[in-house]
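Model, not experiment: these values are computed from the prediction.
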Amino acid sequence: AIDYNPVNAGTYKLKIQVSEKDPSYKGSATVSYIIEQRPLEWDVSGLKISKPYDGTTEAAKIKGYLNIKGVIEGDDAALAYDSITAADFPTADVQKVSVPIIVENAGLTGTSRDNYSLPKVSPAAEAAIIKAYITEITIPDDDNKYRVVVQEAVNVNDALAAAAMDSEDAIKTA
């Protein structure tokens, strides 16, 4: 018998007792059972990771927030972390690629946090190196030639990035 219906993750014991009316099966037994923590998934939909082409594989700055999905409606559990950074790009070329996200001191908060577990695998998200437009200008004088290289790329503020207008194509479409 158990006096309540457990809902939280943990180990519980259930005592089973057979009625004295059936002497051939009279007795009791205690059975342990476990309610496992519910595994959560990373939600990277709120992240924007891009940089203009600069000839390096250096990681792009992340804008937005990492989140979790899978918390049961009505439960109080949320993701907390100190910082997130993107890994470096595999090459310096213009590209869209999935890169690992490094999460510092991730944990769950809220009264229901012990009922959940964070994913065992680190999150990854799409990141982009956006093409730059290069204009070369040659300025001759009597003895020298000067070459000026102007690199143009799309740089957006936080408001545009939050509106998903963080690439040349997105801005042109809008």
Side-chain angles (χ1 to χ4, degrees), residues 4-13 32-135 149-174:
Y4 62 96
N5 184 18
V7 293
N8 292 322
T11 302
Y12 299 90
K13 296 194 182 294
S32 292
Y33 66 96
I34 298 172
I35 297 177
E36 300 279 340
Q37 288 179 315
R38 180 181 175 96
L40 298 172
E41 297 176 23
W42 297 115
D43 179 358
V44 296
S45 64
L47 299 178
K48 302 289 182 208
I49 309 168
S50 65
K51 72 173 189 171
Y53 174 78
D54 63 3
T56 73
T57 61
E58 185 177 315
K61 183 179 175 187
I62 296 178
K63 294 179 182 171
Y65 296 95
L66 177 64
N67 220 330
I68 50 172
K69 53 186 171 182
V71 174
I72 295 170
E73 188 175 334
D75 275 1
D76 177 25
L79 176 65
Y81 54 85
D82 289 342
S83 66
I84 54 174
T85 54
D88 288 346
F89 288 92
T91 68
D93 301 327
V94 171
Q95 61 189 293
K96 280 188 179 178
V97 64
S98 181
V99 296
I101 305 298
I102 301 144
V103 185
E104 294 288 329
N105 298 320
L108 294 171
T109 63
T111 57
S112 304
R113 70 181 175 270
D114 293 336
N115 292 326
Y116 296 93
S117 64
L118 288 176
K120 305 235 182 285
V121 177
S122 296
E126 185 176 279
I129 296 178
I130 302 165
K131 68 181 174 178
Y133 299 94
I134 299 175
T135 305
V149 177
V150 179
Q151 179 174 315
E152 301 172 37
V154 176
N155 289 308
V156 298
N157 62 26
D158 290 340
L160 289 173
M165 291 198 296
D166 59 349
S167 71
E168 176 189 4
D169 293 337
I171 292 170
K172 284 181 179 177
T173 300

Rounded to the nearest 0.5 Å, how far apart are CG of Asp76 and CZ of Arg113? 9.0 Å
What's the verdict on side-chain contact (heavy atoms from CB on, under 4.5 Å) for Leu108 and Ile68, showing C-alpha distance, side-chain angles and the deciding distance? CA-CA 10 Å; Leu108 294 171; Ile68 50 172; 3.7 Å; yes
Any Leu118 side-chain heavy atom under 4.5 Å of Val103 side chain: no
Report, as yes or no, whether the 6.0 Å neighbourhood of atom OH on Tyr65 holds more than 12 heavy atoms from other residues, nucleotides or ligands. no
Heavy-atom side-chain contact between Ser32 and Lys13 under 4.5 Å: yes
pair Lys51-Ile129: side-chain heavy atoms closer than 4.5 Å: yes
Exercise: identify the closest heavy-atom pair between Val97 and Pro90: CG1-CD, 4.0 Å
Are any non-hydrogen side-chain atoms of Ile84 and Leu47 less than 4.5 angstrom apart? yes
Taking all non-hydrogen atoms of both residues into account, name the closest pair between Ala124 and Val44 and its distance. O-CG1, 3.6 Å
To the nearest 0.5 Å, what is the distance between NZ (Lys131) and CD (Gln95)? 15.0 Å
Minimum heavy-atom separation for Ala86 and Ile62, please, with both atom names. N-CD1, 3.4 Å
Is there a side-chain contact between Lys69 and Ser45 (heavy atoms, below 4.5 Å)? no
Name each donor-acceptor pair under 3.5 Å that joins a side chain in residues 34-42 to protein atoms two or more places apart or in another chain, with its distance.
from: Gln37; atom 1: NE2; to: Asp114; atom 2: O; distance (Å): 2.9
from: Gln37; atom 1: NE2; to: Tyr116; atom 2: O; distance (Å): 3.3
from: Arg38; atom 1: NE; to: Gly70; atom 2: O; distance (Å): 2.6
from: Trp42; atom 1: NE1; to: Val121; atom 2: O; distance (Å): 2.7

Hey, what do you get for NZ (Lys63) to OG (Ser50), rounding to the nearest 0.5 Å? 6.5 Å
When you measure from the side chain of Asn115 to the backbone of Ala9, do you find a donor-acceptor pair of N or O atoms at a distance under 3.5 Å? yes
Distance in Å, Phe89 CZ paired with Glu58 CD, rounded so as to fall on 0.5 Å steps: 10.0 Å
Can you name the closest pair of heavy atoms from Ala59 and Ala87 and give their distance? CB-O, 3.5 Å
Atom pair CG (Leu79) and CG (Asn67), whose distance is rounded to the nearest 0.5 Å: 6.5 Å
Please assess Asp82 against Asn105 for the test side chain to side chain donor-acceptor pair (under 3.5 Å), listing each intermediate value before the final yes or no. CA-CA 6 Å; Asp82 289 342; Asn105 298 320; 2.5 Å; yes
